[in-house]
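This is a predicted model, so every value here is computed, not measured. Just so you know, these numbers use all the heavy atoms, side chains as well, and skip hydrogens, waters and symmetry mates. Lettering of chains follows the sequences in order, A, B, ..., and the numbering in each one begins at 1.
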Amino acid sequence: MRLFHPTSLLPLKTPSLINPIKQASSSSSTSRHPQTSIISSLLKSCSHSNHLKQTHAKILTLALHHHHFSFLSSLTLSYISHGLIHSAHLLFHTIPSPSPYLYNLMIRSLANHGHLHQSLGLYSSLLSSTTHHPDKFTFPFALKSCAALSDIHNGKQIHQHSICLGCENDPFVRAALVDMYSKCGYIDSARQVFDKMPQRDLVSWTCMISGYAHNGCNFEVLEFFHLMRSSGVRPNRVSLLSTLLACGRLGALCKGQCIHGHAIHTGFDTNVLVATSIIDMYAKCGSLNVARLMFDITDGKDLVCWSAMIACYGYHGLGRDAIDIFNCMVRAGTKPNHATFTSLLSACSHSGLVNEGRKCFDSMVSVHDVEPKLNHYACMVDLLGRAGRLHEALELIERMPMKPDSSLWGSLLGACRIHGDIDTGEKVADKIFELETTHSGYYVLLSNIYAAKSRWKEVERVRKLMVGNKVSKVQGFSLIEFGNQVHKFGVDDRSHPQAKEIYSYLKELAGKLKQHGYVPLIDFALHDIEDETKEASLLYHSEKLAIAFGLINLSPEAPIRVTKNLRICADCHNAIKITSKVVSRKIVVRDMNRFHHFENGYCSCGDYW
DNA sequence: CTAGGGTTAG
């Protein structure tokens, strides 16, 4: 009985080559042909793709394929094992009735080689086959293609098929479903599948954990890592990767050290993937020196590992070190890629290394054979703009071989804010709002440009524009780790148990800061309110709350490490510089773009951020 | 015949 009418279930693109022969081949496949043994041994000895093609040609010449379909299957398998997926796919379609095994293998190979539509097309033909149907092996492969395409529509359909065909309880299918839903951004559906699992193995836990990481749910990553361990499942290197990623994003150094300890204990720390994640975690938690130490002891550094270290120096504003590492990498014979240059150019930009950045950019094509993409141009616009060379940045945009997008114009708008260029800023903002009106960051930038010159009418106009376009500001928050827990503070947040203590501490601190020359930059309080209220609202920015919490609770010699989701504001930047001097503490703040190491009244960014 | 994975602008 047919369970499905294929056309109503899967509106998938069918492959261009439809199986021309729609009948079973059983009658002829058993007869012997004089050439059979010759071809058979030929196939077995195929060690090179050319041999394969020669064998294929011989089969065609001898017209064997009309009588011996099994040869075609063997040949398809050989093509697959040699990575000749396109040839395998073409040949597959000449096989009258491929076995379910061959179907599965072909669907998997197409998925693994990135031919995702073709993989789903083949799933669709299997579904419409009169003799076979998808089985527990098919579903994980087909779901993998949906995951890679973020294709929730077909993913849901295939989920239904797996239920109808009684495969829903297969652990592989379940894990693939969790993965598919989370890669498509449906993390709650992934969780539902996970919760219904009769038993959870290491991979299903890991799928759920990496699913949370993929969707930016970093607290849940740590929670589930803990739950997994409590349920007696021992993490392996893959589960460590997502967990380290989450620690890095949260700036949770202690937690990250704990995971690192676990990696050492289990020996996974010597794996280059885990090592790269450890390096990145330390740098993102503010411990650049430890990151470098881990980098130095990593054997078998590959492209990603080198690139990660370059990015680490970039976050911390150490452009020259980034360039040094890049040179070492090239000398070591590792060829840089797009990501390497993205990190390298960004590092130059954050350090104001204009000429060096330009040289790197020029060398991309001429030396390293890497074609610059839009984001590399964005880095260059940022590099030039930040350094005050707004005209050169504009010239570069005009010379670019591709169309600028809103984020590239956004880099230039950021530069206009730094250099207080209202005229260029307005023109750039117009360009941006032609392309994109939903991103609150651009409105805030434009508003800040006006506010810095006390142009309150325009500030109000931008605010109304936001309301008109139904854009709301992204809520700022800051994180700080204490007592095996990451504490989160919003703006003017009074929900923390220690809120009372924090607020009175800040009030007292503000007095001391003023004695040391702190003047609140009330221009950055955007609302149309009294100056005194503006000052108070600045005082309770999330990063100030988090720092006060750290100063109250952490031991006196421990540096204060805070992670913020937005760019640090100028008033906080100034206040924290003075705080570091007044309380004699190292304060490390990671904002959306980079690190600020505050010490003795100065910031490592040199106010260039 | 099956699964999960490291770096990347603003």
For [X], what residues pass the side chain to side chain donor-acceptor pair (under 3.5 Å) criterion, not counting sequence neighbours?
| X | answer |
| --- | --- |
| A/His260 | A/Tyr282 |
| A/His159 | A/Tyr181 |
| A/Lys144 | A/Asn112 |
| A/His350 | none |

**Study point:** Members of residues 193-206 of chain A that approach DNA chain B, where some heavy atom sits under 4.0 Å away
**Key:** A/Asp201, A/Leu202, A/Val203, A/Thr206

Would you classify [X] as touching base, sugar-phosphate or nothing, given that sugar-phosphate means primed atoms plus P, OP1 and OP2, and contacts are heavy atoms under 4.0 Å?
| X | answer |
| --- | --- |
| A/Cys312 | nothing |
| A/Tyr315 | sugar-phosphate |
| A/Lys144 | sugar-phosphate |
| A/Arg594 | nothing |
| A/Lys301 | nothing |
| A/Lys373 | nothing |
| A/His214 | nothing |
| A/Ala378 | base |
| A/Arg237 | base |
| A/Asp382 | sugar-phosphate |
| A/Ser277 | sugar-phosphate |
| A/Val272 | base |

Review point. Taking atom types as modelled and ignoring hydrogens, do the side chains of A/Thr342 and A/His376 form a donor-acceptor contact shorter than 3.5 angstrom?
Key: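 Indeed, the side chains of A/Thr342 and A/His376 share at least one donor-acceptor pair under 3.5 Å.
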
Check your understanding: Should A/Arg174 and A/Asp170 count as an ion pair when the cut-off is N to O under 4.0 Å?
Key ->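 Between A/Asp170 and A/Arg174 there is no salt bridge, as every charged N stays at least 4.0 Å from the carboxylate O atoms.
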
Point to revise | Partners meeting salt bridge (charged side-chain N to carboxylate O under 4.0 Å, His left out) with A/Arg320 (sequence neighbours left out) | key: A/Glu356

**Study point:** Results of salt bridge (charged side-chain N to carboxylate O under 4.0 Å, His left out) for A/Glu392 - residues two or more places apart only
**Key:**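 Partners of A/Glu392 by the salt bridge (charged side-chain N to carboxylate O under 4.0 Å, His left out) criterion, ordered by chain and then number, come out as A/Arg358, A/Arg389.
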
Practice item. With a 4.0 angstrom cut-off to heavy atoms of chain A, pull out the first and last contacting nucleotide of DNA chain B, in 5'-to-3' order. Key: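 Span of nucleotides near chain A: B/dC1 to B/dG10.
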
Review point. With sequence neighbours left out, what residues match A/Phe137 under ring pair (Phe, Tyr, Trp, His ring centres under 6.0 Å)?
Key: none

